[in-house]
Amino acid sequence: MTMSLSAKDKATVKAFWAKISSSGEAIGADALSRMLVVYPQTKTYFSHWKDMSPGSAPVKKHGATVMGGVAEAVAKIDDLTAGLLSLSELHAFTLRVDPANFKILSHNILVVLAIMFPTDFTPEVHVAMDKFLAAVARALSEKYR
Amino acid sequence: MVKWSDFERAAIQDIFSKIDYDVVGRAAFSRCLIVYPWTQRYFGSFGNLYNAAAITSNPKVAAHGKVIMAGLEKALTNMDDIKTTYKDLSVLHSEKLQVDPDNFNVKLFSFYCLTIVVAGQMGAAFTPEVQGAFQKFLAVVVASLRKQYH
């Protein structure tokens, strides 16, 4: 399903991101923690970590890395495919993350946003963020085959 | 037969004891119609679903949110045999309502919207482990609803 981002979606995402970006690391750490607990099959990608428990050092560090990528995506929202090219190559050739997992992480990011920003995470923001994260996932999948 | 750990049982019961069914049912069902607008196809008789504001203030949406929560409560009170409890509901969804069973699955109402709304209601108490228990409960509900399709 290719549903492109409207001008309204982009504006909504940028405005919401401006409010939440200072909590980026916390969002990433919590989303990743949830993914590893609720979808234990995702742990297979992190067997090299000493500690995969919620809030552990590797989880926090990696959560920050992931949200750094999301921040980059917000900045390049007008052309995600071009903007996320090197990240796509990384995921396709080096990390080889099964793209099905992008949906899983996206869901957990949305859960964290609902918890951390209950008033700001309105249904309108929810749909815009859901579309945005799906578009980011698509851009990351570009180079897979 | 699904096995529930003591933690899972307690976590799920705790969630349902804490949430306001009317608020959660309406909010989750509204989000489903807003975030996945193609689901509106089943609700042609609901009147104005034109935009988010119309959906969230639509009384039929609120009423239907309650119906869905009542259905989930049936599963809650029969956690050890949701499959049998849901037999008639499954037949209803497949034969009378003809809902595409993909609509129950991963993305939509069950997993995503309801989990997100409950998370917002419970805040930090909705820990990763509690989320896991709740999503497992919804997975069993979804599988039971799909059971009678052919």
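Chain letters run A, B, ... following the sequence lines, proteins first and then strands; every chain starts at 1. Computed from a predicted model, the values in this text were never measured in an experiment.
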Do [X] and [Y] meet the criterion of a side-chain donor-acceptor pair at a distance under 3.5 Å?
{"X": "His91(A)", "Y": "Glu142(A)", "result": "no"}
{"X": "Asp81(B)", "Y": "Thr84(B)", "result": "yes"}
{"X": "Asn101(A)", "Y": "Tyr39(A)", "result": "no"}
{"X": "Asp9(A)", "Y": "Ser6(A)", "result": "yes"}

Heavy-atom distance under 4.5 Å to chain B: side chain of [X], backbone, both or neither?
{"X": "Val37(A)", "value": "side chain"}
{"X": "Thr122(A)", "value": "backbone"}
{"X": "Phe121(A)", "value": "both"}

Under a 4.0 Å N-O cut-off, is there an ion pair linking Glu72(A) with Lys76(A)?
yes
So that I can tick it off, tell me whether Arg9(B) and Asp80(B) are bridged by a salt bridge, with the cut-off set at under 4.0 angstrom between side-chain N and carboxylate O.
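Looking at Arg9(B) together with Asp80(B), the answer is yes, because their closest N to O distance falls below 4.0 Å.
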Please check if the side chain of [X] supplies one atom and the backbone of [Y] the other of a donor-acceptor pair under 3.5 Å.
{"X": "Ser90(B)", "Y": "Tyr86(B)", "answer": "no"}
{"X": "Ser23(A)", "Y": "Ala26(A)", "answer": "no"}
{"X": "Ser47(A)", "Y": "Lys43(A)", "answer": "no"}

Using only non-hydrogen atoms and a strict under-4.5 angstrom cutoff, which residues of residues 119-133 of chain B touch chain A?
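Residues of residues 119-133 of chain B touching chain A at under 4.5 Å: Ala119(B), Gly120(B), Gly123(B), Ala124(B), Phe126(B), Thr127(B), Pro128(B), Glu129(B), Gln131(B), Gly132(B).
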Chain A contact residues among residues 13-23 of chain B, heavy-atom distance under 4.5 Å
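Not one residue of residues 13-23 of chain B has a heavy atom under 4.5 Å from chain A.
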Could you tell me which residues satisfy ring pair (Phe, Tyr, Trp, His ring centres under 6.0 Å) with Tyr144(A), sequence neighbours excluded, listed by chain and number?
none
Can you sort out the partners of Ser53(A) under side chain to side chain contact (heavy atoms under 4.5 Å, CB included), two or more places apart, ordered by chain and number?
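Residues passing side chain to side chain contact (heavy atoms under 4.5 Å, CB included) with Ser53(A): Asp51(A), Ser56(A).
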